[in-house]
Amino acid sequence: MSELLQFLLSGVTVGAVYALVALGFTIIYNASDVVNFAQGEFVMLGGMITVFTYAAGAPLPLAALVAIVATAALGVAMNKLAIEPARGAPVVSLVIITIGVSIFIRGAAQLVFDKQIHSFPAFSGDDPLRILGATILPQSLWVIGGALAVFVGLWLFFTRTLLGRAVLATSNNRLAAQLVGINTPFVMTLSFALSAGIGALAGVLVTPITMTSYDVGLAFALKGFAAAMLGGMGNPKGALVGGFLLGVLEGLTAGYLSSQYKDAAAFIVILGVLFFLPQGLFGRKSTDRV
Amino acid sequence: MTLLSIEGLGISFGGLKAVNDVSFTVKPGEIVSVIGPNGAGKTTLFNMISGVYRPGMGKVVLNGEDVTAMSPHLLARRGMCRTFQNLQVFQSMTVLENTIAGYHLQESGHVLSDLLNLPASRRRAKAAEAGARELLKRVGLERAAEREAGSLSYGSLKRLEIARAMALKPKVLLLDEPAAGCNAVETEEIDHLIAEIAASGVAILLVEHDMKMVMRISNHIVVLDHGEKIAEGDPASVSRNPAVIAAYLGAENAAG
Amino acid sequence: MRLTPKSVTLLALVVLIALSPIFFPSGFYYRIGALIFVNALAVTGIVILTGWAGQISLGHAGFAGIGAYACALAPVHWGIHPALAVVLGAAISAVLAWLVGRPILRLKGYYLAVASLGMGILISMVLNNERELTRGPDGIDVAELGLRGVLKDAGLDLSNGQFWYFFCGIVLILGAWLALNLRDSATGRALRALHGSEVAAKTVGMDVARLKLQAFVISAVYASVAGSLLALQNKFITPDVAGFMHSVEMVTMAVLGGVGSVAGAIFGAAVLTLLPQVLTVFAEYEQLVLGAVMVLVMIFLREGVVPSILRKIRGRGE
Amino acid sequence: MLLVEGLRARYGRIEVLHGIDLAVNSGEIVTVIGANGAGKTTLLRCLSGVHPLAGGSVTFRGEPMSGVPAWRRVGRGLSQSPEGRQIFTNLTVEENLRLGAYLYADDRVEKDMADAFQMFPILKEKRNLAAGGLSGGQQQMLAMARALMGRPSCLLLDEPSMGLAPIIVAQIFDVVKGLKALDVTVLLVEQNAYGALKIADRGYVMETGRITMDGPAEALIADPRIREAYLGI
Amino acid sequence: EIKLGASISATGPAAFLGDPELKTLEMLVEDLNAKGGINGEEVTLIAYDDNGDPNKARTFATRLVEDDEVVAIIGGTTTGTTMSILAVAEDAEIPFISLAGAIDIIDPVKPYTFKTPHTDRMACQKIFEDMQKAGITKIGMISGTDGFGASMQAQCKTVAPDYAIEIVADETYDPKDADMTAQLTKIKGTEGVQAILNPGFGQGPSIVTRNYKQLAIELPFYQSHGVASDGFIELAGTEAAEGVRLPGTALLVAGLLAADDPQKPVVDAYKAMFEEKTGTPVGTFGGYAHDAFLIMTDAITRAGSAEPAAIRDAIEATSGLAGTTGVYTFTPEDHLGLDLTAFRMLEIQGGKWTLVQ
Ligand SMILES: Nc1ncnc2c1ncn2[C@@H]1O[C@H](COP(=O)(O)OP(=O)(O)OP(=O)(O)O)[C@@H](O)[C@H]1O
Ligand SMILES: Nc1ncnc2c1ncn2[C@@H]1O[C@H](COP(=O)(O)OP(=O)(O)OP(=O)(O)O)[C@@H](O)[C@H]1O
Ligand SMILES: [Mg+2]
Ligand SMILES: [Mg+2]
């Protein structure tokens, strides 16, 4: 019993990380239909900038804030320098651009920072909390809370605000969006700032658990991408559920089946889900008619 | 004698009966028009007949065979083809290639033969190209043959779709608003084209809001409203039908 | 021969492969050439699948892995000649692609991408974890192809580098020829058509599911043969060949060069293969510059290098 | 109100508009007719700012529009209902309309929406349906309604009657005519040339990228060349 | 001018190892040239970063041999890259010293290939020796799935019976995983486990160590030489790392070495130089590069020639050469030149490395 609970807690911890990354994907995707493969680098930057600002003597909350703001600014720069100039290019080209940017950021990070592995103290100490014989680190609760908070924020943004709707409209039909007066360049800038900020927040929250280094971005991006697709791309609910589901699956597989093939199990489940729900769990079907 | 027969076809979308129990038949060489207000279910009806949607009820019988919900590519083999209200062209291919695509069934052999560019493949490709150029001439697009389809104006794309459908040498042709976006003179050209195709023995099912055209060329008209068939008959009788005038034509367009 | 785009591409390729060695300052360049050809072969498969049929795969390295490990394992375990192992690998890849392709090709866009990614990861996981068979992440030796020795006995004495350069070059010419044949055939046209509109493709009688599957299988075979050639010339292979990064690299090469064009595939492969060699002068700035180059190319030549340039040339002509 | 001088436009290297001169006065309804591919849509795209000019100028209310992005022109009162409807297929009908009034956050939005629903009752029925599920004609109505939500002072309409039932076509033309009373200027591109000319004050005829004729609407209707080439009478 | 080539994984998944290796080589070459080079000749280092990609490593090896015409090659951070370089070096008959762990590199012996690190098998043997002394007979393993972890896992399984040790639980994790409590819980719950061994490098082992503490597992905990650096203690946290045992090199316990320890001078010198130059603490991996360079330059000096064949012969004749990893004595049958004594059993106590007596 306590074993099962431990596997679940392990899964939830990991799942919260995936969910946070997956949530970061949704905004840029919703604004432009582009899956931003540099999203993982935002997570990395969130962690690394915090590490180095903290090491330079800033208090941890300030360091985290600096990291989030700086990364958001970088997101905006990415949009202005790499995405906007290629406006109108096919989506694959844009995706390749995001891969190029991710290589670029990684290359820059290894120069600006270093190639070592880093971490900083957990926010509420390292003493595990005990629940029915299983344990969870307080930092995991921070990550879970962060994922939930970001989810609620995004959900409200997309369903309750006109600006959120404008973001959706921009990706659905950019031409029409302009013709109703939506400042589409601004929408893009905003999306990149938000996505990057959420990515950085993820980095800040997870680093005490997973550590960070200049090259952690790719792994985050991959798992986050898989989680987002499992849930249904573009839907915050999908990102959240997809992330947790993926994490729990891995935890249970590692515990009961084979830790060697736990990622395999996760992907098999994704394939299975997509077989029956080709748009993921909560993805919306495109409604274009002929 | 009946080529296509629609028997009690119907479908719902989340409670809304978009099409409900519609029946009629089409004979070879006949032009049957389906008219009705916007949202009456005409396109949906076409989508069911052509296998894009699976009907919730009823049957589609083509040449004596029950082809209900059969995949469009299999229907194409049996001689049914259509055009679309919301244009469906192959944007990044040239106009010529778009038309050759219509020859797919006649042209395609085995993929290995294509890979190796065997003489059989080459011969079929040549024949398809020649036929396609001929068709483009008929719809007045021969000068645009080498252009990318995406660069054509709306009206030209409509004709391209017709050319592509004609390439299949169909027995039944479904045309969804072929004259939309064309002016009166251009519409007349399309008229002639459709009449010509019908004259060669093709059964034509037409959806169109241009009443002049409908009245001119239809042998038979089916009127839908809210998914139901509200009237049926020859152009003259339909255009005098008060229900049709009220729901669709408006006083101004009524026959007279 | 009529001067069609096809014959021009093939002719240029033949001339390039035959004459480039004149300018090689050292034997090392044969190695680079051979690598370019191998990559170009795999990318040609991507052109068929992604460029024409519009289906994105992030798992094609898995097929390269199958091709590579077929060459590593079949000769040792079942005494099959390495040349036949290439065919065996291609056959396994084709069958696997056929089995996997049927369910996953129903998916669209990124959903297909993630499904194929999963497939690739499963393959690379098996290669990593089944140590008994594959010897795990540290890699495994691959038998000698032996053809070079045969040529030598026949009086054609090539260095190892030269042999692989010409051998891979010839295979690439063959691969490009097949792909170019396909492009202008009924099948190729149908693939490009379904990319444009699946419903319309169906209504003109195209069996969309089957066509996609054909493209998937063909491209898998290209990747598999490329993987085999890589394994045979390196005489050693690790599961990296099946890794996600390799899949991404293939797609990147294709898009960079121009995803719809065979010439683009070759060009893209050449650029991304040469770039790391050129960038060594930047030492630790290498990654930075690589990323920047990718972004800049896609911004300024957004359809990929070859189509963008062709369009410019053509535009000037008019 | 809207002044176009020597306007040229290209797709790639191919020029499709070769110097268009055109003026629309405040409160006028002006219609442009022409064959398929004449360049009518391109002209409107240039005016609304979604297609770049290759030469010439566009002046709106005395201000040059060069360098003013499309979304900003909307704020200044220049709205377009584009060809091919271009609705937000993934959003609901109501969301489409709200986005039509994206620039406004006042009470009038609700009132305008009520007006729109009154004009096209079917849209009210379908308000919570994803707009992509609408029939072609319903989408066309939505596009028109959405453009009106933007409170334009000058409305560019690209074939608003396309795909509409005859009853609705008559209604659309009535609406356009009614805009005059609201002091909205209209530039109308139509294939239904007869209907359009009947409600218009003036008209232009376009052929392969050039204006070949213009004049008062009645004069154009009466012109035998027009009657033969465009009205089919 | 003597041209030495190197292909190192300075970036990519093994950057954690390759980075200090490359820095070490660059530093040593500079230092050597400042001292007048070898036999009066300047040494040029041509180093490429292979990203840990074996295919790239092979290309760079070919480039080093064919284009740059180096006389010898150092490198191959990982076993995979090493095997790729090895094929090229053997073909071209160029001496090659690898920095990777697998025993396959030098067993069977290939004429031109040598290596500096202990083999992964030796690490296992050293650990099991220690376990045996403590009377441990049943253990659980949790290994990374990267080359290092997987190879250790395999070797340990091979030699465990020699020490009467049974591996009763065998789990793995991906190097980038975020949480290993599931695997550890499973091991913990396995009947009869007396100790746990975690071979791996990078952040994985630090997370495992923290999870170990989180789950309050009381069993003796063994790590491998993959984490033999101060950075590990810092990342895992002093508290969690307390009591962790692993086989390490003299480098980590420089301060604790006996004054007459033959390795002391070289260890002290390298540590001082590296830490001054880079500002980061020395680790085992930089030490491998240091030793490879030492062996190479020593051989060239003794050979009195920069002919590849002569260098090879001289390397094979190396005897009693003290490096940071151990004291090397090569023979035609042994291209590793180290034995188990080169490993020292270390234990972390109070956040410091201590020698297990
Ligand atoms: N996928 C769908 N989801 C929800 N409702 C749908 C869907 N498809 C069609 N409908 C509804 O079914 C009705 C019929 O639509 P259809 O497109 O068949 O009309 P139509 O007769 O072709 O009209 P038009 O003349 O405007 O093209 C409409 O009210 C439409 O909203
Ligand atoms: N995206 C494009 N790329 C290249 N050429 C284009 C593009 N769009 C339109 N054209 C060309 O520009 C010319 C004008 O087209 P436009 O769409 O403006 O015509 P139109 O008058 O609106 O025709 P229709 O009545 O058929 O809608 C045509 O020759 C058309 O082929
Ligand atoms: Mg319709
Ligand atoms: Mg138009």
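Chain A is the first sequence line, chain B the second, and so forth, proteins listed ahead of strands; every chain is numbered from 1.
For a residue to count as touching a neighbouring chain, one of its non-hydrogen atoms must lie under 4.5 Å from one of that chain's; by this rule A18(B) does not touch chain D. With a 4.5 angstrom heavy-atom cutoff, Y230(D) touches chain B via backbone and side-chain atoms both. Proximity to chain D (any heavy atom under 4.5 Å) is restricted, for L16(B), to the side chain, taken from C-beta onward. Of the two parts of T43(B), neither the backbone nor the side chain holds a non-hydrogen atom closer than 4.5 Å to a non-hydrogen atom of chain D.
Within the 4.5 Å cutoff, the side chain of N183(B) has no heavy atoms near those of the E190(D) side chain. In this structure, the side chains of P166(D) and Y248(B) come closer than 4.5 Å at one or more pairs of heavy atoms. For the pair Q191(D)/C182(B), no side-chain contact is recorded, criterion being any heavy-atom separation below 4.5 Å from C-beta on. E177(B) places none of its side-chain heavy atoms less than 4.5 Å from the side chain of M162(D).
Across G163(D), A193(D), A229(D), G136(D), the residue that shares the most heavy-atom pairs under 4.5 angstrom with chain B is G163(D). The most heavy-atom pairs under 4.5 Å with chain B, out of K126(D), M141(D), Q140(D), E83(D), come from E83(D). Comparing G14(B), A179(B), A184(B), S151(B) by heavy-atom pairs within less than 4.5 Å of chain D, the highest count is held by A184(B). The candidate with the highest count of non-hydrogen atom pairs below 4.5 Å against chain D, out of H209(B), R159(B), E208(B), is H209(B). Most heavy-atom pairs under 4.5 Å with chain D, from the set E186(B), K42(B), K212(B), Q85(B): that is E186(B).
The minimum heavy-atom distance linking S153(B) with G37(D) is given by the pair OG-N, 3.1 Å. Shown here for S135(D) and G39(B), the closest heavy-atom pair between the two residues is OG-N, 3.2 Å.
Heavy-atom neighbours of H18(D) NE2 from other residues, nucleotides or ligands within 6.0 Å: above the threshold of 12. Summarising the local packing, CD of E142(B) is surrounded by more than 12 heavy atoms from other residues, nucleotides or ligands at distances under 6.0 Å. The 12-atom threshold is exceeded at NZ of K180(D), counting heavy atoms of other residues, nucleotides or ligands nearer than 6.0 Å. Residue F117(D) qualifies as enclosed at atom CZ: its count of foreign heavy atoms under 6.0 Å is above 12.
In this structure a side-chain-to-backbone donor-acceptor pair under 3.5 Å is present from N36(D) to G181(B).
Between the OH atom of Y11(D) and the CD atom of E148(B) there is a distance of 13.5 Å, given to the nearest 0.5 Å.
N38(B) pairs in a side chain to side chain contact (heavy atoms under 4.5 Å, CB included) with only one of the listed residues (L164(D), L134(D), I167(D)), which is L164(D).
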